Structures are given as structure tokens and as C-alpha cells.
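Just below is one structure, and these are the notes that go with it.
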Amino acid sequence: MQSLENKLKMKGKTMFIMPKGSSILEQTLPLKNYINKYKRLEIQFFRKNEGECTFNFEDTVRKYVKEFDLKEITIHPPLEKFEIEYLLFRDKELVFENVRKAIKLSNELNIKINLLYHCRWDIEFLKYAVTPIMKEILEIIGDNNITILLENSTMVAERKHCSVLDFCEYIDNPKLRFCLDICHVYCLANMYKSDIYNWINQYIDKEKSAKYLYQVHFSYTAKNDGYIDKKTHGVVHPNFEELAKDMRILKDYAGFNENVILVTEISEVDYNTRKDQLQEIEWVQKL
């Protein structure tokens, strides 16, 4: 019988791995060899003050382009109060300004930049409330080398279908794409005590995802949890077999293919060594 590892091989193609670092250089340097190998990096930014809805990513991007051999960067905003709906309805210029900054940086540094935002609303709210503003954003982007990525969240108004994937289909613009966080899918399945296979089969339309999926946040969800105990959320896979199982789920149920970027988004005990993410990348490369 053919092994799971052989079934998952990409037929000679190179998988696009994007290591995930932070805006703190010391926490990103341990990943340098892999960043330079794949010429990609997702940068996690942090909020300095409570209630702050802006963050400076220009200086970090310039510094990292000098430090690493990069062709593409995904900018991940701080984790709280940076959902796309919240920002747009607090002040749409918060998003517009980030788009303009990203365009300037992309042209200055000759690099592709993705702006990622979490999304909580269901598809009907997104269609009727966000569509006009999203079209304005896409007009600003035009032909520039910028992509808006919308990520599925754990706490969402719509749980039977992935609203951000449906919204990407509704807008149908190549500059708006889907970021799938597999840990968030596991969290929902665990919340509603569903088998992961049944859950993702109803939650993700595979053919639709194959068209709009741009990158995956890849990690393990421990102890059938991921949302109550934060230490179980987005951690390193305990072994190669569990990692291969999650890759198989992505391929069989979520339209994952060799054109999709795999972001190793791992919560660490020690972010200054990135020991767990380094292990995760080594296992992913085996596939």
C-alpha cells in the first residue's frame, strides 16, 4: 500500500513555504536560512497601546528586505481590534492608508506585499456592508503587486460555511484572496463536537477554495481544543504522522495544491530560538 508520505508528494514541484516571524528581528533571525531559501516571510506585528488601530510596518519591511533575500511578504496586523469589518466601520482610511503604504513599499523595494485581515461577519453582512468599500480598496490597488488576504476566524457569525471564501467568490477579483487557518477550522469543529472531516467538508467548498485559496496558516490543534486553553492553539505537530494527516485534509477537503503558500504559524515556548517552527518546516519539507 502506498505510504501517506508518497501520496502527498507534489510530483516534483516545489512547495511554497512561508516562515512566520515577527516585527522583532531577534525572533525572526532563527528562520533566516528558510526565509532566504523560499524568499518569503509573514511578519506578525503587535499593538503598542490599548485601543490603537494603526501600526508601523514600513520600517520593518525595509529592514527585513535588507536583512533577508525576499520576494514576498505577508503583513499580519496585531491580533485584537484589527478585523477588517471593525477597521472599515471605525474609519475606512485606516485600511486605505495601509494599502497606499504597501503600494509605495512594493514599488520602492520591488517586492510583493500581502495585507492580511481576520474576518468575523457572515456572508450577508459582508455582501451588503463591506462590498462597496472593498471595491474602493481594489480600485486603489489596481495593477500594483498587492493582495488583500481575508482569514477565517474562530469566532464567526456564520459557522456552516466559510464566509470569507464565499466573499472572495462574490467579489471575484484576483487582488482579493482567501487565507485558510486550519487551526481555526479545528477549533470550530471542537466547539460543536464535530468530526474534523465532516466539519471541513461542509465548511469549505473544495472547488471554490482551489480557485481563491492563496495561503494556509498551518499548525496543530492539541487536546481536541484550540480555543479554551490557548496553549493548545496553533502549536507544533507532535509527530510527522499527525502533520501528514493535516496535509492530507488540506489536499482532500480544502483545494490545497502546489500553488498555495504554506505559512508555518507556530506558537512557541521560546520565540528567540523558534525551535518548534524549525521542526515543523523540516517535516513539511519531507512531503
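Being a predicted model, the structure only gives us computed values, none of them experimental. Sequence positions, counted from 1, serve as the residue numbers for this chain. We use all heavy atoms of the structure for the numbers below, so side chains are in, but hydrogens, waters and symmetry mates are not.
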Practice task
Could you give me the CA-CA distance, side-chain angles and deciding distance for Glu169 and Lys211, then say whether salt bridge (charged side-chain N to carboxylate O under 4.0 Å, His left out) is met?
Solution key: CA-CA 9 Å; Glu169 180 190 41; Lys211 180 176 180 180; over 6 Å; no
Output, in order, the C-alpha distance, side-chain angles, deciding distance and verdict of side chain to side chain donor-acceptor pair (under 3.5 Å) for Tyr64 and Thr28. CA-CA 9 Å; Tyr64 280 18; Thr28 307; 3.3 Å; yes
Practice task
Before giving the answer on side chain to side chain donor-acceptor pair (under 3.5 Å), spell out for Asp246 and Tyr186 the whole-Å C-alpha distance, their side-chain angles and the decisive distance to 0.1 Å.
Solution key: CA-CA 10 Å; Asp246 280 348; Tyr186 266 102; 2.6 Å; yes
Any chance you could lay out the side chain to side chain donor-acceptor pair (under 3.5 Å) test for Glu265 and Ser219, step after step, and finish with the verdict? CA-CA 6 Å; Glu265 187 181 52; Ser219 63; 5.5 Å; no
Between Lys92 and Glu136, does the salt bridge (charged side-chain N to carboxylate O under 4.0 Å, His left out) criterion hold? Intermediate values first, please. CA-CA 10 Å; Lys92 66 182 182 180; Glu136 287 185 65; 3.2 Å; yes
Under the criterion ring-ring contact (aromatic ring centres under 6.0 Å, His included), I'd like the reasoning laid out for Phe89 against Trp121: C-alpha separation, chi angles, the key distance, then a yes or no. CA-CA 13 Å; Phe89 286 91; Trp121 281 1; 5.6 Å; yes
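For the pair Lys206 (side chain) and Asp252 (backbone), a donor-acceptor distance under 3.5 Å is present. Side-chain N or O atoms of Asp166 include none that pairs as donor or acceptor with a backbone N or O of Ile123 at under 3.5 Å. Without hydrogens or angle criteria, Ser209 side chain to Ala254 main chain gives a donor-acceptor distance under 3.5 Å. In this structure, Thr147 contributes its side chain and Lys175 its backbone to no donor-acceptor pair below 3.5 Å. Checked by atom type and distance alone, the side chain of Glu268 pairs as donor or acceptor with a backbone atom of Gln277 at under 3.5 Å. Checking side-chain atoms of Thr264 against main-chain N and O of Glu280 turns up no donor-acceptor pair under 3.5 Å. A distance-only check finds a donor-acceptor pair linking the side chain of Asn152 to the backbone of Asp181 [under 3.5 Å]. Under a 3.5 Å cut-off, the side chain of Tyr212 and the backbone N or O of Asp172 do not form any donor-acceptor pair. A donor-acceptor pair under 3.5 Å is formed between the side chain of Thr131 and the backbone N or O of Lys127. Distance alone, capped at 3.5 Å, is enough to place a donor-acceptor pair between the Arg177 side chain and the Asn173 backbone.
Atoms CD1 and NZ, on Ile111 and Lys39 in that order, are 11.5 Å from each other to the nearest 0.5 Å. In this structure, CD1 on Ile261 lies 10.0 Å from NE2 on His217, to the nearest 0.5 angstrom. Residue Asp276 holds its CG atom at 9.5 Å from CG of Asp270, rounded to the nearest 0.5 Å. The CZ atom of Phe256 lies 4.0 Å from the CE atom of Met247; values are rounded to the nearest 0.5 Å. From Leu243, atom CG reaches atom CG of Leu287 across 6.0 Å, with rounding to the nearest 0.5 Å.
Few gaps surround CG on Asn272; more than 12 heavy atoms of other groups in view lie less than 6.0 Å from it. In the displayed structure, Lys63 atom NZ is contacted under 6.0 Å by more than 12 heavy atoms of other residues, nucleotides or ligands. The neighbour count for Asn110 CG, taken as heavy atoms of other residues, nucleotides or ligands under 6.0 Å away, does not exceed 12. The environment of Lys208 atom NZ is dense: over 12 non-hydrogen atoms of other residues, nucleotides or ligands sit within 6.0 angstrom.
Contact of the Val61 side chain with the Ile73 side chain is registered, since non-hydrogen atoms from C-beta on lie closer than 4.5 Å. Residues Leu150 and Leu116 are not in side-chain contact: their nearest non-hydrogen atoms beyond the backbone lie 4.5 Å or more apart. You'll find the side chain of Arg62 reaches within 4.5 Å of the side chain of Leu105, heavy atoms only. Two residues are said to be in side-chain contact when any heavy atoms from C-beta on lie closer than 4.5 Å; His161 and Tyr203 fail this criterion. Using a 4.5 Å heavy-atom threshold, the side chains of Val263 and Val216 count as separate. At a threshold of 4.5 Å between non-hydrogen side-chain atoms, the residues Leu165 and Ile204 count as touching. Contact annotation: the side chain of Glu67 approaches that of Leu29 to within less than 4.5 Å [non-hydrogen atoms, C-beta and beyond]. Counting heavy atoms from C-beta outward, Arg248 and Lys245 have side chains that stay 4.5 Å or more apart.
Taking the six-membered ring for Trp and the full ring otherwise, Phe57 and Phe55 have centroids separated by under 6.0 Å.
A donor-acceptor contact closer than 3.5 angstrom is absent between the side chains of Gln279 and His237. Side-chain contact, Thr74 with Gln215: a donor N or O sits under 3.5 Å from an acceptor N or O. Asn198 and Asn201 share no donor-acceptor pair across their side chains, judged by distance under 3.5 Å alone.
Under the rule for a side chain to side chain donor-acceptor pair (under 3.5 Å), the partners of His76 that lie at least two apart in sequence or sit in another chain are Gln44.
Taking hydrophobic clusters as Ile, Leu, Val, Met, Phe, Trp and Tyr residues chained together by side-chain heavy-atom distances below 4.5 Å, Ile200 shares a cluster with Tyr192.
Note on ring orientation: taking the six-membered ring where Trp is involved, the planes of Tyr38 and Tyr34 are parallel (angle under 30°, cut-offs 30° and 60°).
For the side chain to side chain contact (heavy atoms under 4.5 Å, CB included) with Ile141, the lone residue among Val99, Leu115, Leu176 that qualifies is Val99.
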